[in-house]
Amino acid sequence: MQAQDKIIVWKSTYVNTTEFTTINFKDTIEVKGHITGQGLGKLLNVNYLLEINEKWEIQSVNINFQSDSTFNISLTKNKDNHWVNEKGKILEQLDNCIDIDIALTPFTNTLPINRLGLAVGESKEIKVVYFELPNKNFSPAKQRYTNLGNGVYKYENLASGFTANLKVDSQGFVLDYPGIWHRVFSEHEATARQKEGFASSLISDNASDEIAGNNIYDWLIGSWNVEAVDYLENNEILKSQGEWHFAYVLEGRAVQDVWIAPKRSLRTPKLKQPRIRYGSSIRYFDAESKKWCVYWFNPVSSTVSKLYGWKDKGNIVQEGTDEDGNIMWWTFQNITNKSFHWKGEISTDNGETFTLQAEFFGTRKY
C-alpha cells in the first residue's frame, strides 16, 4: 500500500529557521524542502530537492542556497551507484556514502532511520555525504544510529563526538531534535498528537517483570463485549450492552480498564437510567499484602471504590467496603480466554448474607 503524501513543518530555535517540506510518494519518493530564516549569522533561503527510491536510498540531491552568496549543488548517483556532479564527473571520495546529511534540516535523518530498519538496541555505523550549509562544501562523514526503542534513535557524529536522541513518528520523520528542531502541527494534528502522547505514555505493550509471577489479570488484556444485568431495589431487572477494555499501563506495572455501559454506540446526550457506567479501574500488585489493589472510579455516579483482589480456586475474588461500610464482593468466575462471568454482591450484615446487585457476561471481542 502506497504511503500518503505528507507536509511537514519544522521550527528551529537554534538557528532561527522554519522549514516547509513536502514528501510525495510515487514510483520514487520526491522531497521538496524550503528553509528560510536566520542561520549561523546569515539571512538565508534554501530550497532542496531529493529523489529517493523505495528502499529509502537517496538517488539525487539538488540544493539552491541564497544568502549574501548564492550557489547551487547538484549530485546524482549513476547506474553504478557512484556519486557524480552536474558535469557527470564521478566523485570517488563519496564512494560508499549511501546516505546524505544536509545541515539546516532534520529531514535527512529520516534516510538512514528508514533505510536501516534497526531493531531495538541495534546500532549501525554509516558513511554519509555531509553538506556544510551555509558553506558550499560537502564531504564524506561517519555517523552512527542506534534504535533506543519507543521511537527514539541515538544519532552520533563520529568525527566531532556530537550526539542527540531523536524522537521520530511512526514513519521515521523527526518530531523532536532536542534543542535544535521541533515539528509544528496544525490544530487538528496537535490534538491528535496530544491524544497519542497521552496514550503512548500510559499504555504498555507488556506486563512488567515485577508483576510477572503474580499476574492474575493477564487473561483480561484486550476488549470485551459485555451483557450487564443489574438487579434494582424494586426487584426490577435492567439489561444493557456494554464494552470493557483492558490494557497494561504505567510501564506494565498495573492493569487499567475502561468500563462503559451502555456501550458508546448506544449512548445519547439525554441518556437516563440507573447504573450508567463510564468509568475506569486501575489494579496494581501490593507486595506487602500479596494481593492486588483495585480502585474503581465512575464519574457518572461520583463513585470511588477500593478493593483487594486475589485468586481463589480458579476465580478472582475482589473484596472491599462501600462508603457505608458494607462489604462488597466482586468476583470473576467461569473464566476462559474467550468469556467470563462477573458477579457483584453486597452484604449489609457484616458478611452474614449477600445480595446480588449485578452480573456481567463477557465475550472477547479482540
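Between Asp230 and Arg277, at least one side-chain nitrogen of the basic residue sits less than 4.0 Å from a carboxylate oxygen of the acidic one, meeting the salt-bridge criterion. With salt bridges taken as basic N to acidic carboxylate O contacts below 4.0 Å, one links Arg144 and Glu156. The pair Arg253-Glu210 meets the salt-bridge criterion, since a charged nitrogen lies less than 4.0 angstrom from a carboxylate oxygen. A salt bridge does not link Arg183 to Asp176: none of the charged side-chain nitrogens sits closer than 4.0 Å to a carboxylate oxygen.
When the side chains of ILVMFWY residues are joined at heavy-atom separations under 4.5 Å, either directly or via intervening members, Phe25 and Val31 end up in a single hydrophobic cluster. Residues Val258 and Ile276 are members of one and the same hydrophobic cluster, defined by side-chain heavy-atom contacts under 4.5 angstrom among Ile, Leu, Val, Met, Phe, Trp and Tyr. The same ILVMFWY cluster, assembled from side-chain heavy atoms under 4.5 Å apart, contains both Val294 and Trp296. Under the 4.5 Å side-chain heavy-atom criterion for Ile, Leu, Val, Met, Phe, Trp and Tyr, Ile282 and Val304 are members of the same hydrophobic cluster. Ile180 and Ile100 fall within a single hydrophobic cluster, where Ile, Leu, Val, Met, Phe, Trp and Tyr side chains are chained together by heavy-atom contacts under 4.5 Å.
With values rounded to the nearest 0.5 angstrom, Asn315 atom CG is found 10.5 Å from His341 atom NE2. Here CG of Asn114 is found 15.0 Å from NZ of Lys55. Values are rounded to the nearest 0.5 Å. Taking CG of Asn350 as the reference point, atom CD1 of Ile327 lies at 5.0 Å (rounded to 0.5 Å). Taken from CD1 in Ile8 to OG1 in Thr105, the straight-line distance is 9.0 Å, to the nearest 0.5 Å. Annotation: the span from Thr17 atom OG1 to Trp10 atom CH2 amounts to 11.5 Å, rounded to 0.5 Å. We find the CD-CG distance between Gln66 and Asn72 to be 10.0 Å, quoted to the nearest 0.5 Å.
Taking the six-membered ring for Trp and the full ring otherwise, Trp244 and Trp259 have centroids separated by under 6.0 Å. Centroid-to-centroid, the aromatic rings of Trp330 and Trp342 come within less than 6.0 Å.
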Would Glu57 and Arg115 count as a salt bridge (Lys or Arg N to Asp or Glu O under 4.0 Å) if you check the C-alpha gap in whole Å, the side-chain angles of each, and the deciding distance to 0.1 Å?
CA-CA 7 Å; Glu57 297 169 337; Arg115 180 181 66 79; 5.6 Å; no

Working for side chain to side chain donor-acceptor pair (under 3.5 Å), residues Tyr155 and Asn165
CA-CA 6 Å; Tyr155 160 77; Asn165 290 343; over 6 Å; no

Should Ile7 and Ile23 be marked as a side-chain contact (heavy atoms from CB on, under 4.5 Å) after you check the CA-CA gap, both sets of side-chain angles, and the distance that decides it?
CA-CA 6 Å; Ile7 295 175; Ile23 301 105; over 6 Å; no

Dump the intermediate steps for side-chain contact (heavy atoms from CB on, under 4.5 Å) on Ile216 and Phe285, then the final yes or no.
CA-CA 10 Å; Ile216 64 174; Phe285 183 71; over 6 Å; no

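Between Tyr278 and Arg264, the shortest heavy-atom distance links the atoms OH-CD, 3.6 Å. Across all their heavy atoms, Thr110 and Val174 have their closest contact at OG1-N, 4.2 Å. The two residues Ser200 and Gly197 make their nearest non-hydrogen contact at OG-O, 3.2 Å. Here the shortest heavy-atom pairing between Ala358 and Arg275 reads CB-NH1, 4.4 Å. Smallest separation of non-hydrogen atoms from Gln256 and Ser280: NE2-OG, 3.0 Å. Taking every heavy atom of both residues into account, Phe65 and Ser67 meet most closely at CE2-CB, 3.4 Å.
You'll find the side chain of Phe185 reaches within 4.5 Å of the side chain of Leu175, heavy atoms only. A heavy-atom distance below 4.5 Å is found between the side chains of Ile221 and Val255. Side-chain atoms of Asn337 and Arg364, non-hydrogen and from C-beta on, do get closer than 4.5 Å to each other. Counting only heavy atoms from C-beta outward, the side chains of Glu19 and Pro106 approach each other to under 4.5 Å. In this structure, the side chains of Ile90 and Asn78 come closer than 4.5 Å at one or more pairs of heavy atoms.
Within a 6.0 Å sphere centred on CG of Asn235, other residues, nucleotides and ligands contribute 12 heavy atoms or fewer. Residue Lys142 places its NZ atom among 12 or fewer non-hydrogen atoms of other residues, nucleotides or ligands, all under 6.0 Å distant. The environment of CD in Glu251 is sparse: at most 12 heavy-atom neighbours from other residues, nucleotides or ligands sit within 6.0 Å. By the 6.0 Å contact criterion, NZ on Lys11 is enclosed, its count of non-hydrogen atoms from other residues, nucleotides or ligands being greater than 12. The 12-atom threshold is not exceeded at CG of Asp209, counting heavy atoms of other residues, nucleotides or ligands nearer than 6.0 Å. In the displayed structure, Asp205 atom CG is contacted under 6.0 Å by at most 12 heavy atoms of other residues, nucleotides or ligands. Shown here is Tyr14, whose OH atom has no more than 12 heavy atoms of other residues, nucleotides or ligands within 6.0 Å.
Judged by a 6.0 Å distance limit and a 45° cone about the ring axis, Lys365 is not positioned over the six-membered ring of Trp224.
No side-chain donor-acceptor contact under 3.5 Å links Asn157 to the backbone of Gly161. When atom types are taken as modelled, the side chain of Trp181 and the backbone of Pro178 share no donor-acceptor pair closer than 3.5 angstrom.
Using cut-offs of 30° and 60° for the angle between ring planes, the Tyr295 and Tyr284 rings count as parallel. Between Phe162 and Tyr177, the ring planes lie parallel to each other; the angle is under 30°, not in the 30° to 60° tilted range. Ring orientation note: the planes of Trp56 and Phe107 are tilted relative to one another, at an angle of 30° to 60°.
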Sequence neighbours excluded and cut-off under 3.5 Å, please list the side-chain donor-acceptor pairs for residues 123-134, or say none.
unit_1, atom_1, unit_2, atom_2, d
Ser123, OG, Thr146, OG1, 2.6
Lys127, NZ, Asp95, O, 3.4
Glu132, OE2, Ser139, OG, 3.3

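Counting only N and O atoms by type, the side chains of Gln241 and Asn225 include no donor and acceptor under 3.5 Å apart. With 3.5 Å as the limit, one finds no donor-acceptor pair spanning the side chains of Tyr308 and Gln318. If you check the side chains of Thr331 and Gln333, you find no donor sitting under 3.5 Å from an acceptor. Side-chain contact of Tyr248 with Asn215: a donor-acceptor pair under 3.5 Å is present, judged by distance alone.
Screening Phe340, Phe246, Phe361, Phe360 against Phe332 for a ring pair (Phe, Tyr, Trp, His ring centres under 6.0 Å) leaves a single residue, Phe340.
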